[in-house]
Structures are given as structure tokens and as C-alpha cells.
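Below is one structure, written out as C-alpha cells; comments come after it.
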Amino acid sequence: MIPVVCLAGPTGSGKSSAALALAEALNGEILNADSRQVYSDLPIITAQPTPQERAARPHHLYGFLATDKKISAGRWVELATAKARVLHEAGKIPVIVGGSGLYFQALLHGITVIPPADPAIGAHLAGRLNKEGSPALHLELAKADPDYAARIHPNDRQRILRALEVLEITGRPFTWWHTNAMAPPLCKGPLFIINADLRRLTPRLAGRIEQMLACGALEEAKFAFSRCADPEAPGWSGIGAAELLAYVRGSLSFDTCRELWLKNTRAYAKRQLTWFRARPEAIMLPPQQTDKLPALARAYKF
RNA sequence: GCCGGGGUAGCUCAGUUGGUAGAGCAGCGGACUGAAAAUCCGCGUGUCGGCGGUUCAAUCCCGUCCCCCGGCA
């Protein structure tokens with residue numbers, strides 16, 4: 001098992017600077033666990049660490065992906081595990097920081113090994129979904145995989161699509177893969193959560209948006225758009241990116257764009273807190289106590 | 001000052017031919033195993049502007065007062 005220290009929390013809770021301090025205290029290096037901070041053309045909008053922060057300590061898995069390329073939990077686990085192993089062998093502690101809950105879950109608890117998706121099958125299913133509606137496909141899923149169908153809602157297009165896709169590609173239901181083909185985790189370590197209060201976080205989120213704009217977020221979006229004009233591209237799905245793109249393309253006023261950006265950021269922080277609170281292994285820590293992280297990490301029995 | 005229109009949930013508004021009211025958004029709670037900054041689910045008591053009157057019963061009708069928005073002077 002590769003020892004790692006994980007730090008998560010809602011967006012804007014101060015993860016990046018806490019992680020930097022933690023890495024400095026532990027002689028560690030920082031590894032990104034955020035599904036949006038991988039995009040190379042959107043460093044400001046996705047709140048990637050600043051050049052100063054990156055100079056202070058090595059940072060890995062940030063800003064390496066083009067806007068039209070997709071990252072996934074499984075792909076990330078491969079990258080993160082490989083990098084963590086290299087760091088471990090060099091005597092460094094990997095400090096894994098980010099806001100993507102599923103990524104931590106997959107890293108620390110394993111993820112199902114399923115053959116890669118076939119874009120043609122996915123597109124065909126998406127087409128059927130639009131024509132027939134998701135309840136119809138949910139019904140179809142219920143026949144092949146009643147257990148999984150019972151756990152998801154008939155309106156949950158994304159999960160229905162995924163489950164049917166796996167069924168079609170592999171001939172086995174999703175539930176079978178979950179129970180019989182879990183890849184065991186290769187990393188082990190504490191999962192610290194910065195337990196920020198939403199009410200106190202909101203003004204900070206608003207301030208951060210203004211700061212991003214002052215740092216050239218709009219120009220960044222325009223440039224990224226010139227390099228990837230497909231609004232459906234994976235990189236554009238991030239909060240802030242989507243709203244700025246809509247403004248750049250003329251479908252939103254700037255005021256509405258900002259309003260939506262904040263609203264969506266807040267809603268996202270809420271979802272993150274819901275996810276993290278439900279992790280049984282989570283070690284919750286209020287934002288003003290992040291200075292205790294090095295001591296807590298050292299005390300962890302790997 | 002006069003003439004219209006309006007005052008109902010945090011916001012925008014609907015509605016009750018009189019039986020104390022409901023949508024969207026916001027907000028809150030939740031789910032989540034390869035798009036997760038994604039995708040989805042659940043939750044609606046509020047002096048129906050104030051005070052009187054009519055009525056078994058008024059948020060609804062009548063009177064009056066207050067406030068907002070137009071228009072005319």
C-alpha cells in the first residue's frame with residue numbers, strides 16, 4: 001500500500017493553501033484530485049494553484065489536459081496511483097488535494113474494472129434517450145439489472161445511460177461488475193475534510209469570482225474558446241467556464257453570468273459537503289484548524 | 001391633486017364566481033462507483049399591505065387609510 005494524505009472540502013474552503021503548508025511540513029508533494037483543475041486552458045477559472053504556489057512545492061496532475069478531452073475517475077486513479085508510487089519511492093509523502101469526492105472514493109476504496117466505453121454505443125443510447133425518454137430506458141434497465149435500476153431514479157439520464165452502456169459492451173449488468181470486479185485500492189491514508197460552513201463560505205465564493213475576473217478569467221475563457229469552440233466539450237462543463245462561455249457566445253448578459261456563476265458555485269459547494277459528510281472515514285476539521293493537519297497526519301497509523 | 005394598474009412565500013407572480021392559498025426561482029435536506037465543478041431526488045403557514053364594515057364565514061365584496069408603478073395636470 002502506498003501511504004498518502006488526502007485533503008478534501010468544498011470549493012473555496014482553502015484547500016490549496018492548507019495542502020501547501022501540509023506538504024511543506026511533511027516533506028511531501030502535491031497531487032491534484034480535482035476533475036476540473038486538469039484543464040490546461042482554464043487555470044484561473046478552475047482555481048488551479050498559482051505559479052507562486054507551484055514554485056514553493058512540486059504540484060502534479062494540474063493543467064495537463066486539452067478542453068476537448070475527457071478525464072474520468074478511473075483514469076485519474078491510474079494517474080494518481082502511478083504518481084503517488086513514484087513519490088513514495090523517492091521518500092516523499094503524496095499530499096492529495098481536491099474537491100472531487102468520487103476520485104477520493106475510488107482511490108481509497110477501489111473502483112470497478114470495466115472495459116473502456118465505446119463512443120458509438122454511447123451516442124446511440126443518447127439518441128434513444130432523447131427519443132424515448134429516460135423512464136423508458138430505466139424500465140429496460142430494470143429488466144436486465146433490477147438491483148441497480150431500483151437504486152437510481154427514472155430521470156437520472158446519466159446513470160441510466162452508463163448502466164445500459166456497460167450492459168451492452170460487456171453483456172453483464174452493472175451490479176455484477178460492482179460486486180465481482182472491484183479493483184482493490186493501492187493507496188491508503190487519512191481523508192481530511194475541511195468542514196466549511198456554507199453561510200460563511202458564500203461571501204468568500206463571491207469574492208473569489210471577482211478575483212478571478214480581475215485576474216483575467218474572461219480573457220482566459222475567450223482564449224480557451226478560440227482553441228475549443230465546442231460548447232459541449234468536457235472542459236466547458238465546469239462552473240464558471242460554462243457561464244463565461246455563454247456570455248462570450250452572447251446568450252447571457254454579464255450580470256446574469258456572474259449571478260449564475262455564484263449560484264452554481266454555491267450549489268456545488270453544498271453537494272460537496274453532502275458527499276463528504278457521508279464518508280464514514282472522513283476526519284472533519286473546521287477551516288480555522290487546518291494548522292493541525294501536519295500533527296494529525298503524522299499521528300495516522302498507515 | 002386626478003385617472004388607471006398593483007400590494008399574496010426571501011424574489012417574480014398565479015389563484016380563490018366568498019369556505020384561511022400554489023407555481024417557478026432562491027433556500028434547506030438527500031442520493032451518488034469510470035462525464036462527479038457531472039447527474040438526479042425530496043421539502044411550501046405565508047398577519048394574502050393596515051383598520052373597519054357586510055356575512056355563519058373575507059385574502060376575495062364594500063368603505064377607508066398607507067405604500068409602489070405608470071399617465072394627466
Side-chain angles (χ1 to χ4, degrees), chain A residues 8-12 15 32-39 42 45-48 65 67-80 98-119 122-123 125-126 129 134-135 138 147-148 150-163 165-166 169-170 174-185 197-199 202 205 208-209 212 232-245 256 259-279:
Chain A
T11 184
K15 294 186 295 292
N32 171 45
D34 191 297
S35 74
R36 300 295 108 181
Q37 295 186 353
V38 299
Y39 288 106
L42 302 165
I45 299 167
T46 60
Q48 292 176 35
L65 202 63
T67 309
D68 63 345
K69 294 287 187 293
K70 199 151 129 182
I71 181 92
S72 71
R75 176 78 186 121
W76 178 82
V77 169
E78 284 171 24
L79 295 170
S100 299
L102 181 61
Y103 287 17
F104 287 106
Q105 179 69 16
L107 184 81
L108 298 173
H109 298 283
I111 188 164
T112 323
V113 189
I114 296 178
D118 179 340
L125 284 167
L129 188 92
S134 68
H138 184 259
D147 290 338
Y148 189 65
R151 289 176 50 214
I152 63 174
H153 194 274
N155 291 348
D156 197 338
R157 290 168 280 135
Q158 194 169 284
R159 289 194 174 82
I160 292 168
L161 224 52
R162 167 76 181 147
E165 184 183 67
V166 168
I169 291 171
T170 68
F174 214 24
T175 301
W176 185 90
W177 288 100
H178 288 345
T179 47
N180 299 299
M182 288 294 283
D197 175 66
L198 245 200
R199 285 193 191 288
T202 304
L205 297 176
R208 201 170 65 147
I209 287 173
M212 284 176 179
E232 302 294 315
W236 285 119
S237 74
I239 293 161
E243 292 81 0
L244 283 171
L245 180 64
T256 311
E259 240 169 74
L260 263 182
W261 186 354
L262 176 60
K263 186 191 99 173
N264 292 333
T265 306
R266 218 190 96 93
Y268 169 52
K270 193 163 158 28
R271 265 178 276 136
Q272 286 177 302
L273 284 168
T274 299
W275 172 279
F276 293 132
R277 273 197 293 252
R279 300 304 105 198

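Lettering of chains follows the sequences in order, A, B, ..., and the numbering in each one begins at 1. Keep in mind it's a predicted model, so treat the numbers as computed, not measured.
Remark: P of B:U33 and CH2 of A:W176 are 18 Å apart, rounded to the nearest angstrom. A:F276 places its CZ atom 13 Å from the P atom of B:A31, with the value rounded to the nearest Å. Atom CG in A:D118 sits about 15 Å away from atom C1' in B:G34, given to the nearest Å. In this structure, A:D156 atom CG and B:U39 atom C1' are separated by 5 Å, rounded to whole Å. With rounding to whole Å, A:W76 atom CH2 is found 15 Å from B:A35 atom P. Atoms CZ (A:R199) and P (B:G29) sit 9 Å apart, rounded to a whole Å. In this structure, A:I160 places its CD1 atom 14 Å from C1' of B:C32, rounding to the nearest Å. In this entry the distance linking OH of A:Y268 with P of B:A31 reads 16 Å, nearest Å.
When the side-chain nitrogen and oxygen atoms of A:R151 are compared with OP1 and OP2 of B:U33, one or more of them lie within a distance under 4.0 Å. Within the 4.0 Å cut-off from OP1 or OP2 of B:A37, at least one side-chain nitrogen or oxygen of A:S100 is found. Note on A:T274: a side-chain N or O is less than 4.0 Å away from OP1 or OP2 of B:G30. A:Y103 has a side-chain polar atom (N or O) that falls below the 4.0 Å cut-off from OP1 or OP2 of B:A36. Taking only side-chain nitrogens and oxygens, A:K263 comes nearer than 4.0 Å to OP1 or OP2 of B:A26. An OP1 or OP2 oxygen of B:A31 is reached within less than 4.0 angstrom by no side-chain nitrogen or oxygen of A:R277. Put simply, A:N155 has a side-chain N or O that comes within less than 4.0 Å of OP1 or OP2 on B:C41. Regarding contacts with the backbone of B:A36, a side-chain N or O of A:R36 is found under 4.0 angstrom from either OP1 or OP2.
Across all strands shown, B:U33 remains unpaired; no Watson-Crick or G-U wobble contact has both distances below 3.5 Å. Of all nucleotides present, only B:C72 satisfies the Watson-Crick or G-U wobble test against B:G1, with each distance under 3.5 Å. Across the strands present, B:G42 finds its partner in B:C28; the criterion is a Watson-Crick or G-U wobble pair with both atom distances under 3.5 angstrom. Using N1 to N3 plus N6-O4 or O6-N4 for Watson-Crick, or N1-O2 and O6-N3 for G-U wobble, each under 3.5 Å, B:A23 pairs with B:U12.
Looking at heavy-atom distances under 4.0 Å, A:V113 makes contact with a base. Residue-level contact check: A:T46 touches the bases, meaning some heavy atom is under 4.0 Å from a base atom. If you check every strand for non-hydrogen atoms under 4.0 Å, A:I152 touches nothing. Heavy atoms of A:N264 sit nowhere under 4.0 angstrom from any nucleic acid atom. Within the nucleic acid shown, A:G240 has no heavy atom closer than 4.0 Å to any nucleic acid atom.
B:C61 and B:A14 have their P atoms separated by 15 Å, given to the nearest Å. A distance of about 11 Å separates the P atoms of B:C65 and B:G1, rounded to the whole Å. For the C1' atoms, the distance linking B:C43 with B:G49 amounts to 29 Å, nearest Å. Distance check on atom C1': B:U8 versus B:G50 gives 15 Å, rounded to whole Å. B:C41 and B:U47 have their C1' atoms separated by 34 Å, with the value rounded to a whole Å. Taking atom C1' in both B:G63 and B:U45, one finds a spacing of 29 Å when rounded to whole Å. As rounded to the nearest Å, B:U54 and B:G44 have P atoms that lie 38 Å from one another. Comparing B:A73 with B:G19, their P atoms sit 43 Å apart, to the nearest whole Å.
Closest-nucleotide positions on RNA chain B for A:R271 and A:T112 were compared, and the one nearer the 5' end corresponds to A:T112.
Taken to the nearest 0.5 Å, the CD1 atom of A:I239 stands 5.5 Å off from the CG atom of A:N264. Interatomic distance, A:L42 CG to A:L245 CG, rounded to the nearest 0.5 Å: 10.0 Å.
With a 6.0 Å cutoff to the six-membered ring centre and a 45° limit on the axis angle, A:R279 counts as a cation-pi contact of A:W275.
Counting all heavy atoms, side chain and backbone alike, A:S237 lies closest to A:R36 at OG-NH1, 2.7 Å.
A donor-acceptor contact closer than 3.5 angstrom is absent between the side chains of A:R208 and A:T265.
For A:R266, the salt bridge (Lys or Arg N to Asp or Glu O under 4.0 Å) test picks out no residue, with sequence neighbours left out.
Out of B:A37, B:U33, B:C28, the shortest distance to the side chain of A:Q272 is found at B:A37. With B:C41, B:G34, B:A36 as the choices, the nucleotide that has an atom nearest any side-chain atom of A:S35 turns out to be B:A36. Which of B:A35, B:A37, B:A36 sits closest to the side chain of A:I239 comes down to B:A37. Of all nucleotides listed (B:A36, B:U39, B:G34), B:G34 comes nearest to the side chain of A:F174.
One can find a donor-acceptor pair under 3.5 Å joining the base of B:A38 and the side-chain atoms of A:R159.
Under the 4.5 Å side-chain criterion, counting only non-hydrogen atoms from C-beta, A:S35 is in contact with A:Y103. Within the 4.5 Å cutoff, the side chain of A:F174 has no heavy atoms near those of the A:D147 side chain.
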